[in-house]
Amino acid sequence: MKINVHAGHNADGRVACGAIGLIKESTEARKVKNEVIKQLKALGHTVYDCTVDDAKNVSANLSGIVSKCNAHTVDLDISIHFNSGRNDKKGDGDNAGVEVYLYNSSSKAKNYATNVCKAVAALGFDNRGVKYSTGLYVLKHTNAPAMLIECCFVDDADDIKLYNYKTMAAAIVKGITGKTVSASGTNSSTASSSKTSTTTTLYKVQVGAYSKKANAESMVKKLKAAGFEASIIS
């Protein structure tokens, strides 16, 4: 596939940046965007980064993104965002979750959007589902089928407890392609081991160290939900 990917808004610290809560939308959207691009390329797809970091205002940011997107003939446009409005900074035990916007119900991106919601929900987030809006500039003006992903809420402590930019990106990629990238960079749907080999070499990648076992178990759960093998080593 040929795919456009961009992070919404200007970069943090500039005019027209994204929402700010327990995390910053513009910062995290760029982390997720970069990881999505990396993983899609590892799976053999052609990917264009259409992010605009320092436009003079909101309108210039949106038109700049669309201009970059429409400069390429692609199968799909992906806009990475984070939601806000939950205002639950202490945590009430109920996360707000993920949702994906399309221009309308006949969008050719509908299956991708549905699958992204399911893949992110598998990480533990509530599935708010696919929604439609004819008023979102990027969805209205891009040439290719487009979807705007609201990964989770920046102002919900329960969302932030679940959130990790790498597992979020892996879930988005899985929703789009049906595949994941293993720690070694191989396609998980095609990688195999020889049954006749008597020696197996393992290359271990550590993604974190935790003083509390519960936190380690939570990360293992996220990784497995995203399609990665994971275990705890003390």
Side-chain angles (χ1 to χ4, degrees), residues 1-43 45-87 89 96 98-103 107 109 112-113 116 120 131 133-156 159-160 163-173 175-176:
M1 294 177 68
K2 293 183 178 180
I3 304 172
N4 288 327
V5 182
H6 71 266
H9 308 286
N10 278 338
D12 276 309
R14 296 169 173 83
V15 65
C17 64
I20 297 175
L22 297 169
I23 57 174
K24 297 179 179 180
E25 177 181 12
S26 290
T27 294
E28 298 306 319
R30 280 156 178 77
K31 289 181 183 179
V32 173
K33 176 263 298 181
N34 289 339
E35 189 67 19
V36 166
I37 291 173
K38 177 182 176 181
Q39 293 188 26
L40 286 172
K41 286 183 174 180
L43 291 171
H45 301 285
T46 299
V47 190
Y48 304 100
D49 187 342
C50 299
T51 304
V52 174
D53 283 328
D54 196 16
K56 64 181 180 180
N57 54 41
V58 172
S59 295
N61 177 263
L62 292 171
S63 62
I65 288 170
V66 168
S67 179
K68 284 188 173 186
C69 287
N70 289 343
H72 311 121
T73 300
V74 298
D75 302 297
L76 186 66
D77 285 322
I78 302 170
S79 183
I80 306 293
H81 286 257
F82 281 72
N83 226 328
S84 66
R86 188 80 161 83
N87 197 30
K89 295 184 178 181
V98 59
E99 60 192 20
V100 179
Y101 279 89
L102 303 176
Y103 184 71
S107 171
Y112 296 117
V116 166
V120 175
K131 300 183 177 182
S133 174
T134 57
L136 293 173
Y137 188 93
V138 169
L139 299 182
K140 185 175 182 179
H141 293 283
T142 46
N143 294 333
M147 61 179 177
L148 188 152
I149 303 170
E150 297 279 9
C151 296
C152 64
F153 281 65
V154 299
D155 58 351
D156 188 288
D159 272 19
I160 305 310
Y163 168 69
N164 173 281
Y165 78 91
K166 289 188 176 181
T167 55
M168 179 63 69
I172 291 170
V173 170
I176 295 165

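When a residue number appears, it is its place in the shown sequence, counting from 1.
Nearest heavy atoms, Asp77 versus Asn4: OD1-ND2, 2.5 Å. Residue Val15 comes nearest to Ala55 through the heavy atom pair CG1-O, 3.6 Å, listed as atom of the first residue, atom of the second, then distance. Here the closest non-hydrogen pair linking Ser84 and Asp155 is CA-OD1, 3.6 Å. Considering every non-hydrogen atom in both Leu139 and Ser133, the closest pair reads CD1-O, 4.2 Å. Between Thr142 and Asn70, the shortest heavy-atom distance links the atoms CA-OD1, 3.4 Å. Residues Val66 and His141 share a closest heavy-atom pair of CG1-O, 3.7 Å.
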Chi angles and distances behind the side chain to side chain contact (heavy atoms under 4.5 Å, CB included) call for Ser63, Tyr137: CA-CA 8 Å; Ser63 62; Tyr137 188 93; 3.9 Å; yes

Full working for side chain to side chain contact (heavy atoms under 4.5 Å, CB included) between Thr134 and Tyr103: CA-CA 5 Å; Thr134 57; Tyr103 184 71; 3.7 Å; yes

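In this structure, Leu136 CG and Leu148 CG are separated by 6.0 Å, a value rounded to the nearest 0.5 Å. Residue His45 holds its NE2 atom at 8.5 Å from CD1 of Ile176, rounded to the nearest 0.5 Å. In this structure, Lys56 NZ and Asn61 CG are separated by 12.5 Å, a value rounded to the nearest 0.5 Å. Within the model, atoms SG of Cys151 and CG of Asp159 stand 10.5 Å from one another, a figure rounded to the nearest 0.5 Å. Within the model, atoms NE2 of His6 and CD1 of Ile37 stand 11.0 Å from one another, a figure rounded to the nearest 0.5 Å. Atoms OG and OH, from Ser107 and Tyr112 in turn, are 10.5 Å apart once rounded to the nearest 0.5 Å.
Ile78 is not listed as a side-chain neighbour of Val116, based on a closest heavy-atom distance of 4.5 Å or more. For the pair Val47/Val74, no side-chain contact is recorded, criterion being any heavy-atom separation below 4.5 Å from C-beta on. Within the 4.5 Å cutoff, the side chain of Val154 has no heavy atoms near those of the Ile20 side chain.
Under the side chain to side chain contact (heavy atoms under 4.5 Å, CB included) criterion, Ala71 pairs with no residue, sequence neighbours left out. Residues satisfying the side chain to side chain contact (heavy atoms under 4.5 Å, CB included) test with Ala169, not counting sequence neighbours, are Val32, Glu35, Val36, Gln39. For Val98, the side chain to side chain contact (heavy atoms under 4.5 Å, CB included) partners two or more places apart in sequence, or in a different chain, are Val120. Every residue was checked against the side-chain hydrogen bond (donor to acceptor under 3.5 Å, both in side chains) condition with Glu150, not counting sequence neighbours, and none meets it.
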For residues 23-30, tabulate all N or O donor-acceptor pairs below 3.5 Å that involve a side-chain atom, not counting sequence neighbours.
from, atom 1, to, atom 2, distance (Å)
Glu25, OE1, His9, NE2, 3.4
Glu25, OE1, Ala19, N, 2.7
Glu25, OE2, His9, NE2, 3.3
Glu25, OE2, His81, ND1, 3.2
Glu25, OE2, Phe82, N, 3.1
Ser26, OG, Asn10, O, 2.7
Ser26, OG, Gly18, N, 2.8
Thr27, OG1, Asp12, OD2, 2.5
Glu28, OE1, Tyr163, OH, 2.8
Glu28, OE2, Lys31, NZ, 3.4
Arg30, NE, Asp53, OD1, 2.7
Arg30, NH1, Gly8, O, 3.4
Arg30, NH1, Ser26, O, 3.1
Arg30, NH2, His9, O, 2.7
Arg30, NH2, Val52, O, 3.4
Arg30, NH2, Asp53, OD1, 3.0

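Thr51 contributes a side-chain N or O that, together with a main-chain N or O of Ala7, makes up a donor-acceptor pair within less than 3.5 Å. A donor-acceptor contact shorter than 3.5 Å links the side chain of Asp75 to the backbone of Lys2. With hydrogens and angles disregarded, no donor-acceptor distance shorter than 3.5 Å links the side chain of Asn83 to the backbone of Phe153. Judged purely by atom type and a 3.5 angstrom limit, Lys89 has no side-chain atom pairing as donor or acceptor with the backbone of Leu22.
Counting only residues at least two apart or on different chains, no salt bridge (Lys or Arg N to Asp or Glu O under 4.0 Å) pair has a member in residues 134-146.
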